[in-house]
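All ligand and atom numbering here is 1-based and tracks the order in the structure. Every heavy atom of this structure was used, including side-chain atoms; hydrogens, water molecules and symmetry mates were not.
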Amino acid sequence: MRILSVAIIASVGWFASTGCEHDPINPVDPNPTDTTSPCDPGTVDFKNEVLPLITGKCAMPGCHNSPNGEDGVVLDSYAKILREVSPGRPNNSELWESITETDPDKMMPPPGYPQLTPAEKELIRQWILQGAKETDCAGNVCDTAATPSFAEANAIIQAQCVGCHAYPNVSGNVTLDSYLGIKNAVENNNLLGALKGVGSSQMPPSGAMNACNQRKIARWVAAGMPQ
Ligand code: HEC
């Protein structure tokens with residue numbers, strides 16, 4: 001798909017540069033990296049950011065997963081998440097209300113479970129404000145130049161994994177809410193294989209994370225897991 005769109009852009013560029021005397025607009029990079037995105041800048045990426053976050057922190061077994069979500073609320077797919085959302089209107093959306101609720105009897109995730117960070121809540125709010133669309137911006141900038149830091153690798157894991165891999169939900173005896181837990185899972189529990197579903201069950205179980213994020217974690221591991 002990306003190759004195809006690069007080819008189309010390249011041929012448009014060719015016509016533009018030969019069809020008139022002006023400088024070609026956007027000469028095509030001879031070594032295209034992942035810098036194209038099907039989304040406008042600032043668009044919240046539902047498929048690669050919002051969905052893994054909600055499935056990772058809300059749709060764990062025993063919580064809002066299929067078929068018997070708590071209170072009938074199931075949050076493991078776009079169609080089902082949309083039932084809890086009023087597009088464009090966070091304040092009329094059950095999803096937004098429950099993640100900003102402060103009453104311990106109503107707040108989501110409940111007290112004692114890994115919580116959504118302020119930045120993660122804001123991501124969900126922006127997604128609702130932008131119309132709660134099923135966006136997929138998988139072509140997003142994938143920087144392969146610098147060695148990813150622990151902070152970068154950890155941000156992905158904290159968003160997508162700790163709902164099932166931190167107290168009180170320690171699936172497969174694997175905890176991923178600390179540096180040592182993650183390091184141990186890489187060395188002893190096939191964490192990298194699990195991201196591809198090779199040699200272990202696919203992680204996250206709802207579907208592989210996008211290639212950019214997988215590569216980021218793999219490159220952090222290859223660099224010796226700097227802390
Ligand atoms: C919805 C719940 C859920 C989420 C989210 C989740 N896991 Fe898991 N994970 C499980 C369960 C259940 C098991 C144990 C059973 C199994 O291996 O199928 C497991 C097992 C594992 C194992 C052990 C595999 C082995 O062969 O021993 C690793 C490593 C792992 N998960 C990593 C991750 C990572 C990394 C993420 C985030 C990208 C993640 N998990 C997200 C539920 C989850």
Side-chain angles (χ1 to χ4, degrees), residues 45-81 84 95 98-99 108-110 112-117 119-121 123-124 136-138 140 142 148-227:
D45 184 341
F46 175 78
K47 175 141 181 278
N48 301 290
E49 292 186 279
V50 177
L51 180 63
L53 179 61
I54 293 178
T55 51
K57 284 195 174 163
C58 317
M60 305 89 80
C63 300
H64 299 291
N65 65 327
S66 291
N68 301 313
E70 279 288 309
D71 287 338
V73 177
V74 179
L75 295 172
D76 61 358
S77 69
Y78 176 70
K80 288 172 187 161
I81 291 170
E84 311 301 324
L95 177 64
S98 58
I99 65 176
M108 290 290 145
Y113 284 85
Q115 297 293 309
L116 294 165
T117 66
E120 290 169 351
K121 289 183 192 175
L123 182 80
I124 293 174
D136 176 358
C137 309
N140 264 344
C142 192
S149 62
F150 173 60
E152 287 177 273
N154 193 39
I156 302 167
I157 292 172
Q158 297 317 303
Q160 304 195 17
C161 316
V162 295
C164 301
H165 289 290
Y167 181 82
N169 232 335
V170 184
S171 304
N173 222 3
V174 169
T175 49
L176 297 174
D177 57 348
S178 69
Y179 173 78
L180 285 179
I182 294 169
K183 184 165 184 278
N184 183 52
V186 169
E187 290 168 350
N188 303 311
N189 302 99
N190 189 30
L191 186 147
L192 288 183
L195 296 182
K196 297 183 185 306
V198 174
S200 295
S201 313
Q202 173 72 60
M203 291 294 140
S206 56
M209 64 175 67
N210 76 45
C212 226
N213 284 346
Q214 278 194 39
R215 224 182 308 162
K216 210 178 256 179
I217 294 175
R219 290 174 65 246
W220 173 73
V221 171
M225 297 188 265
Q227 197 168 1

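- Within a 4.0 Å radius of atom 4 (C) of ligand 1, the protein contributes one or more non-hydrogen atoms.
- With sequence neighbours left out, the side-chain hydrogen bond (donor to acceptor under 3.5 Å, both in side chains) criterion links K47 to no other residue.
- Distance check, rounded to the nearest 0.5 Å: OG1 of T55 to CD of Q160 gives 7.5 Å.
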With side chain to side chain contact (heavy atoms under 4.5 Å, CB included) as the test, would you mind laying out the steps for I182 and Q158 before giving the verdict? CA-CA 10 Å; I182 294 169; Q158 297 317 303; 4.2 Å; yes
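- Residue L191 approaches ligand 1 through these ligand atoms, each under 4.0 Å from one of its heavy atoms: 29 (C), 35 (C).
- Checked against side-chain hydrogen bond (donor to acceptor under 3.5 Å, both in side chains), N189 has no partners two or more places apart in sequence or in another chain.
- Put simply, CG on L53 and OG1 on T117 are 7.5 Å apart, with the number rounded to the nearest 0.5 Å.
- With rounding to the nearest 0.5 Å, the separation of CD1 in I156 from CD1 in I217 is 4.5 Å.
- The stretch residues 169-182 participates, sequence neighbours left out, in no salt bridge (Lys or Arg N to Asp or Glu O under 4.0 Å) pair at all.
- Among protein heavy atoms, atom 25 (C) of ligand 1 sits closest to S200 OG, 3.4 Å.
- Ligand-side atoms of ligand 1 in range of Q160: 5 (C), 37 (C), 41 (C), range being under 4.0 angstrom from any heavy atom.
- Around atom 8 (Fe) of ligand 1, the protein atoms of type N, O or S that sit closer than 2.8 Å are H165 NE2, M203 SD.
- Taking every heavy atom of M209 and a limit of under 4.0 angstrom, the matching atoms of ligand 1 come to 38 (C).
- Rounding to the nearest 0.5 Å gives a distance of 9.0 Å between CE of M209 and CD of Q202.
- Considering only non-hydrogen atoms, atom 28 (C) of ligand 1 lies nearest to N189 out of L192, N189, D76.
- Looking only at distances, no side-chain donor or acceptor of Q227 sits under 3.5 Å from a matching main-chain atom of F150.
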